[in-house]
Amino acid sequence: MTASPPSVAPSAAPSAVLGMKLALVTPALHRATERLWRPEGLRERYLRYLAAMHPLLVASVPLLERAAARCADLDDPYAPRLAAYYRRHAEEERGHDAWLLADLAEAGGRAPDVPPRAVVELAGAQHYRVEHEHPVALLGYMAVLEGNAPAPWLPDRLALATGLPPAAFRTLREHAALDGGHLAALLREFDELPLTGRQRTVVSVSALHTAGLLTQLFRHLATDPPTDPANDPGEPA
């Protein structure tokens, strides 16, 4: 029997509605994450994880900047506020790809020559949505990434399990500290922007698509060896 989605009151905040929709798909993402961080073979999987995340972080700031620029093409009265939010967040994310490269170097890994397919699809889908649907779609993508930030205890546990130096976990440590605040700010924007029903749907579809692709990526990274060598983001140098 297929479970029915939980009902939501018509007056519920848009962020609550989005959360209820994501609750239907995030269990699969959580299972993939748990498998990714299982103890056996963790050192090699952590290197693959870092290598896969690097191109995703490289794409983050340009994507935010493009979404801000696209807001200038809109007649929506809230477009300046949305553009300002994207610009602020771009500054908050700037340089995080350099953190990750430093983590890779500390761990003895390297950045991939070719990013995994799922990473290209994650970032590429958002470029399409920003250009051809509505730049507000990026909020859905961000909600999934910020809402599935590493737990504060994870970097120390991974360091202990892998034997890698604490310096190899800066990106995880920083995002564990920062992303909760980022998510709260994002959901506040989503609730306060006077979006149409269609625009809220664009955000929800973007979020659900992102959760599915992120689950695929983590499942791939969690497989020893990766299921598709052509998509492997790279082994240690």
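When a residue number appears, it is its place in the shown sequence, counting from 1.
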Taking every heavy atom of A79 against every heavy atom of L74, the minimum-distance pair comes out as CB-CB, 4.0 Å
How far does OG of S204 sit from CZ of F190, to the nearest 0.5 angstrom?
5.5 Å
Restricting to non-hydrogen atoms, name the atom on P116 and the atom on P55 that form the minimum distance, rounded to 0.1 Å.
CD-CG, 4.5 Å
Give the intermediate values and the outcome of salt bridge (charged side-chain N to carboxylate O under 4.0 Å, His left out) for residues E131 and R66.
CA-CA 9 Å; E131 294 292 341; R66 181 56 194 151; 2.5 Å; yes
Least distance between heavy atoms, L18 atom then A143 atom:
CD2-CB, 4.2 Å
When rounded to the nearest 0.5 Å, the distance separating CE of M53 from CG of L104 is 11.0 Å
Passes side chain to side chain contact (heavy atoms under 4.5 Å, CB included), R170 versus E106? Steps please.
CA-CA 10 Å; R170 178 185 179 183; E106 291 285 347; over 6 Å; no
Could you label the plane-to-plane angle of the Y46 and F169 rings as parallel, tilted or perpendicular, counting under 30° as parallel and over 60° as perpendicular?
parallel
If we only count heavy atoms from C-beta on, is the P80 to C71 side-chain gap below 4.5 Å?
no
Could you tell me which non-hydrogen atom of F218 sits nearest to which non-hydrogen atom of A32, and how far apart they are?
CB-CB, 3.9 Å
E192 side chain vs E189 backbone, donor-acceptor pair below 3.5 Å:
no
Of the non-hydrogen atoms in L47 and A107, which two are nearest, and what is the gap between them?
CD2-CB, 3.4 Å
L36 backbone acceptor or donor facing R45 side chain under 3.5 Å:
yes
Nearest 0.5 Å, what's the CG-CD distance between L172 and E174?
10.5 Å
Test item: R94 and H89 side chains (from C-beta on) under 4.5 Å apart, heavy atoms
no
When you measure from the side chain of D103 to the backbone of T171, do you find a donor-acceptor pair of N or O atoms at a distance under 3.5 Å?
yes
Could you tell me if the side chain of V61 sits less than 4.5 Å from the side chain of E91, heavy atoms only?
no
Should V58 and L100 count as side-chain neighbours, where that means a heavy-atom distance under 4.5 Å?
no
Treating Ile, Leu, Val, Met, Phe, Trp and Tyr as nodes and any side-chain heavy-atom pair under 4.5 angstrom as an edge, say whether V120 and V144 lie in one connected cluster.
no
For the residue pair L63 and Y86, establish whether any side-chain heavy-atom pair is separated by less than 4.5 Å.
no
L214 side, atom CG; E121 side, atom CD - distance, nearest 0.5 Å:
12.5 Å
Determine yes or no for a side-chain-to-main-chain donor-acceptor pair under 3.5 angstrom, with R38 supplying the side chain and A222 the backbone.
yes
Which heavy atom of Q126 sits nearest a heavy atom of A137, and at what distance?
OE1-O, 3.6 Å
In sequence, state the C-alpha distance, the side-chain angles, and the governing distance for R117 and H220, and then conclude on side chain to side chain donor-acceptor pair (under 3.5 Å).
CA-CA 10 Å; R117 182 178 62 198; H220 165 68; over 6 Å; no
Any carboxylate oxygen within less than 4.0 angstrom of a Lys/Arg side-chain nitrogen, looking at E44 and R48?
no
Verdict with reasoning, H54 to V119, per side chain to side chain contact (heavy atoms under 4.5 Å, CB included)
CA-CA 10 Å; H54 178 254; V119 169; over 6 Å; no
Please examine the side chains of L139 and Y85, heavy atoms only from C-beta on, and report whether any two atoms are closer than 4.5 Å.
yes
Can V205 be reached from L22 by stepping across I, L, V, M, F, W or Y side chains whose heavy atoms are under 4.5 Å apart?
no
Working for side chain to side chain contact (heavy atoms under 4.5 Å, CB included), residues E92 and H182:
CA-CA 9 Å; E92 292 168 348; H182 289 173; 3.5 Å; yes
Within-4.5 Å side-chain heavy-atom neighbours: T196 and Q199
yes
How long is the straight-line distance from CG of L82 back to CG of D76, given to the nearest 0.5 Å?
9.0 Å
Check step by step if salt bridge (charged side-chain N to carboxylate O under 4.0 Å, His left out) holds for D191 and R188.
CA-CA 5 Å; D191 285 340; R188 185 166 57 250; over 6 Å; no
Does the side chain of S60 reach to within under 4.5 Å of the side chain of H96, using non-hydrogen atoms?
no
What is the distance from atom OH of Y78 to atom CG of L193, rounded to the nearest 0.5 Å?
7.0 Å
With no hydrogens and no angle check, is any side-chain donor or acceptor of R35 less than 3.5 Å from a backbone partner on R219?
no
L29 backbone acceptor or donor facing T33 side chain under 3.5 Å
yes
Under 3.5 Å donor-acceptor pairs involving side-chain atoms of residues 149-163, not counting sequence neighbours:
from: D156; atom 1: OD1; to: R173; atom 2: NH1; distance (Å): 3.0
from: T162; atom 1: OG1; to: L158; atom 2: O; distance (Å): 2.7
from: T162; atom 1: OG1; to: L164; atom 2: N; distance (Å): 3.2

